[in-house]
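Report on the following structure.
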Amino acid sequence: SALLNLIFVWDDNIFKWQAAALGVPPVILGALHISFYKSYGSWFSEEVGEGPDGWILIDLVLGPVLLLRTLLTSRRATHAQGVAAWGRLVVLPLADGRYPAHEFFAPGREFPLQLRFANASAADDAAADVRGAALRLSAADKSPFDLLLNTGAFAQAANVLEMGILAIASALGRPGLRWLARQRRFFEGGIAGLRRAPESYTQLIYYSQTVRFWVAQDNDRYLVRYRLVPWPLPDKESGLPVSRTDFIDRRRSSRERRPTDYLRRELKMRLEGALSDTLRLQAQFHKIRPGDGIEWYNPATDWDLGEHPFVDIAELTLEDVLSEEDAERLCYNPDNAPSSLGTPIAHGLLDYRSIADSERRVMRRVQALRKWMYQSFGLPSRSPIAVSVSAAAKSSSATGICPSRQVRLYSSASSPAACRRRAASECASRSNSASGAAAAAAGSSTCARSAATVGRGIGAAFMAGGLSR
């Protein structure tokens, strides 16, 4: 009767314009989504294009929450804790035609490189977490090619709808993680990317997980997945193995004595010394054939290495670290790429291509908001992590090696004593700055706490989908 009354009789006690107005935006966005789907419903899976530029339905799963978290914290919505380095990328010779030639990755071509490593959601480097790497082939504001990668050969979510489920479950804390652990597919994808207390960011293997296009010079079309590996490739990846216990309880081990930012310190100390790091960008290819199904785009499954081996594309050399201010300003977006290396376009929430397709629009707008906030209000104040100098000194005195990583960080000319003095000085500097920054940090702590629970869930969802910064 209430519904009939709304249709045929005007009753201010039942019908409120304020309540009706809340339904207008979803109706408009739903109509736009249906219009887009009908316009491009006949596209083949191998079609290459730019896709829609505005918000569509698949972007509403996580996009608004990421924007809100950025607005509240003035920081990256995911992968906030990290460190960046600069160097160069050189495309390797095309040996024996092992992969299809492409004009962008021409043999011998060299690019400036900015590479950022980060934890997906954990502030503690020793916690069990997915680790991310964001690659940018430019030293200027505009980049011709960006690539976002995470640990784990395949993702935890197959589409944006599953990412929403993961975000809600992860935001619930351990009860939500226990529920995920009982869902085999969510558990397998989650455990594949977790790394507990690795020795170094550069001793991990990072995968793009989502699928992109590769249109070769002869116009043959391929699907491609990338990965970034340390070189030479180690026998065993650092931070493994992990278990079901690590999946549910991701806090640092009670036996762990390294500081909470040891991974960031390790890279800074090593690159500021006489050492450099070498990595390689690799790719695996699948030539698109008539009759190929949409399953080839599923980020929650990996391709058979026997039929689709990874081949070397380029060599990366990291020469020095970026300052924290420059690293904070870095922005990455997978939409920065030639159209022949572009992102497939999705047709709905359950489409396997929806994660990558939504990511490029959401990331562009989230980063635009972050840039505007930096220009208007300045860079966010860094909340220092107080590290006990005595604990670091105790670790180093027992082993005679640098405390941030249980190996020598400098060349043979650097003595263990010099290494200990440098680490202790850095710890003391951080401790002294902590008291001065406490008052400034207190003002923003309320907003940060209000977004913390949502942020953990969103960070887990984005790492599950293979998304980054």
Will you find, in the side chains of [X] and [Y], an N or O donor that is under 3.5 Å from an N or O acceptor?
X      : Y      : value
Ser354 : Asn159 : no
Arg185 : Gln156 : no
Asp277 : Tyr201 : no
Thr202 : Ser200 : yes
Asn119 : Asp125 : yes
His347 : Asp357 : no
Arg250 : Ser121 : no
Gln284 : Arg225 : no

Between [atom1] of [X] and [atom2] of [Y], what distance do you get to the nearest 0.5 Å?
X      : Y      : atom1 : atom2 : answer
Leu57  : Asp59  : CG    : CG    : 8.5 Å
Leu228 : Leu115 : CG    : CG    : 6.0 Å
Arg136 : Leu330 : CZ    : CG    : 6.5 Å
Leu223 : His286 : CG    : NE2   : 5.5 Å
Leu89  : Glu315 : CG    : CD    : 9.0 Å

Test side-chain hydrogen bond (donor to acceptor under 3.5 Å, both in side chains) applied to Ser143 and Asn336, step by step = CA-CA 6 Å; Ser143 170; Asn336 294 334; 4.9 Å; no

Hey, would you say the Phe111 and Phe104 ring centroids sit under 6.0 Å apart?
-> yes

For the residue pair Tyr206 and Phe117, is the inter-centroid distance of their aromatic rings smaller than 6.0 Å?
-> yes

Any side-chain heavy atom of [X] sitting closer than 4.5 Å to one from [Y]?
X      : Y      : answer
Gln81  : Leu263 : no
Glu328 : Arg370 : yes
Tyr207 : Leu149 : no
Arg75  : Thr70  : no
Trp179 : Ile165 : yes
Phe247 : Phe186 : no
Tyr352 : Trp296 : no
Val362 : Glu359 : no

Are any side-chain N or O atoms of Asp351 and backbone N or O atoms of Ala346, one a donor and one an acceptor, separated by less than 3.5 Å?
-> no

Salt bridge (charged side-chain N to carboxylate O under 4.0 Å, His left out) with Arg196: of Asp129, Asp124, Asp246, only one passes, and it is Asp246

If every non-hydrogen atom of [X] is compared with every non-hydrogen atom of [Y], which pair is closest and at what distance?
X      : Y      : result
Tyr332 : Gln114 : OH-O, 3.4 Å
Cys331 : Gln367 : CB-OE1, 3.5 Å
Arg252 : Ala126 : NH2-CB, 3.7 Å

Partner of Arg69 by side-chain contact (heavy atoms from CB on, under 4.5 Å), out of Leu66, Thr73, Leu71, Leu72 = Thr73

Between Trp231 and the options Leu279, Thr317, Leu281, Asp312, the side-chain contact (heavy atoms from CB on, under 4.5 Å) test singles out Asp312

The single option from Trp214, Phe145, Phe285 that satisfies ring-ring contact (aromatic ring centres under 6.0 Å, His included) with His102 is Trp214

Within a reach of under 6.0 Å around CZ of Arg109, are more than 12 heavy atoms found that belong to other residues, nucleotides or ligands?
-> yes

Answer yes or no on whether Arg258 is positioned over the face of Tyr262, meaning its NZ or CZ is under 6.0 Å from the six-membered ring centre and within 45° of the axis.
-> yes

